[in-house]
Amino acid sequence: MKEEIKNRIIRLKQEKNAVILTHYYAPAEAQEIADYVGDSFYLAKVAKKSTADIIVFCGVSFMGESAKILNPDKKVLMPDLTADCPMAHMVAKGKIEEMREKYEDLAVVCYINSTAELKCLSDVCVTSSNAIKIVKALPNKNIFFIPDRNLGRYVASQIPEKNIIINDGCCPIHASITKEQLIEQKEKHPAAPILIHPECEPELLEISDVIGSTAELIDYVSQSPHEEFIVCTEDGVDYKLVTDNPEKKFFYPDPRPCCTDMKLNTLENILLALEKENHEVLVNETVAAKAQKSLDRMLELGR
Ligand code: 13P
Ligand code: SF4
């Protein structure tokens, strides 16, 4: 059954000149069928360069929106339009205006995990793999970092010379992993280094060995002489980790962190999206034009 669905997806992709972009948190089957799999920064770069007529984005809404903003003339589809990232909404627009009034020399730095409306009110976007580099490169002393408090605090800890004001949003999945859950894994597997995503709470980052985006953590494993790893992020990364490193072992906090929105990217939904082309991502043109500036600035500064 799954094989038949895969074959139909492959046929439709060719017929319609479509390309499938998948995030590492999507189900294994969506990673397997994808043309490109990666972290948010990589996928934004791929979307920008794509020559396909249709982009099928297996991720959550801010990723589909970013692909559309970077490609206003292309059709961007999502397997399930309800796949959303709760953190993407976690800042009040009024708060941004308030900060702009308070500080003359302010840059609003927006984690890509945010709605198009928030991007359009910001000066530059960042992802977890380029945030430190981009914030360092900004001429402004005052930074309002939205919406993720944990990535914001991590960036602030690496750039003490800037005044980084942090908004109080978070990823419900990463922020609910506890220090005790991590220590439990370390006690069971003392030789395993702890790899962690910066969306986790600072007290967890403090006891970890490697902090990075999904792609950075995956790259670390491939180059590391270690045989086992404690992986403190959403468990979709397991597919790539195990495929690339069949001889290595991976342990996760218990319960394994799972982003249910990402898991809506099933083969059945990918097929439906390609067949019917009705799960189209649409962004208001005025919002998209402004948001594009923030995304383009990220691509420029993050290069
Ligand atoms: P990455 O950019 O590290 O892939 O992270 C995206 C994300 O949604 C993390 O929760
Ligand atoms: Fe959003 Fe968290 Fe899911 Fe990433 S893991 S998409 S930050 S809810």
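In this chain, residues are counted from 1 in sequence order. Both counts, for ligands and for their atoms, begin at 1 and track the order of listing. What you see is a predicted model, and the numbers here were worked out from it, not measured in a lab.
Residue Ser128 approaches ligand 1 through these ligand atoms, each under 4.0 Å from one of its heavy atoms: 1 (P), 2 (O), 3 (O). Against a heavy-atom cut-off of under 4.0 Å, Ser40 is close to the following atoms of ligand 1: 1 (P), 2 (O), 4 (O), 5 (O), 6 (C). Of all atoms in ligand 1, listed by their number and element, those nearer than 4.0 Å to a heavy atom of Tyr25 are 7 (C), 8 (O), 9 (C), 10 (O). Of all the atoms in ligand 1, the ones that sit under 4.0 Å from a non-hydrogen atom of Asn113 are 7 (C), 8 (O).
Residue contacts with ligand 1, taken as heavy atom pairs separated by less than 4.0 Å, do not involve Val60 at all. Under 4.0 Å from ligand 1, the heavy atoms of Glu199 that appear belong solely to its side chain.
Using a 3.5 Å distance cut-off with no hydrogens or angles, the side chains of His89 and Asp84 do pair a donor with an acceptor.
Residue contacts to atom 1 (Fe) of ligand 2: Cys259 brings no N, O or S atom closer than 2.8 Å. Distances from atom 2 (Fe) of ligand 2 show that His174 has no N/O/S atom below 2.8 Å.
The shortest N/O to N/O separation between Ser213 and ligand 1 does not fall below 3.5 Å. Where the criterion is an N or O separation shorter than 3.5 Å, residue side chain and backbone included, Thr214 meets it with respect to ligand 1.
By the 4.0 Å heavy-atom criterion, Asp261 is excluded from the residues contacting ligand 2. The closest approach between any non-hydrogen atom of Met262 and ligand 1 is not below 4.0 Å. Remark: distances from the non-hydrogen atoms of Glu234 to ligand 1 are all 4.0 Å or more.
Cation-pi contact between Lys248 and Phe250: absent, since separation from the ring centre below 6.0 Å together with deviation from the ring axis within 45° is not met.
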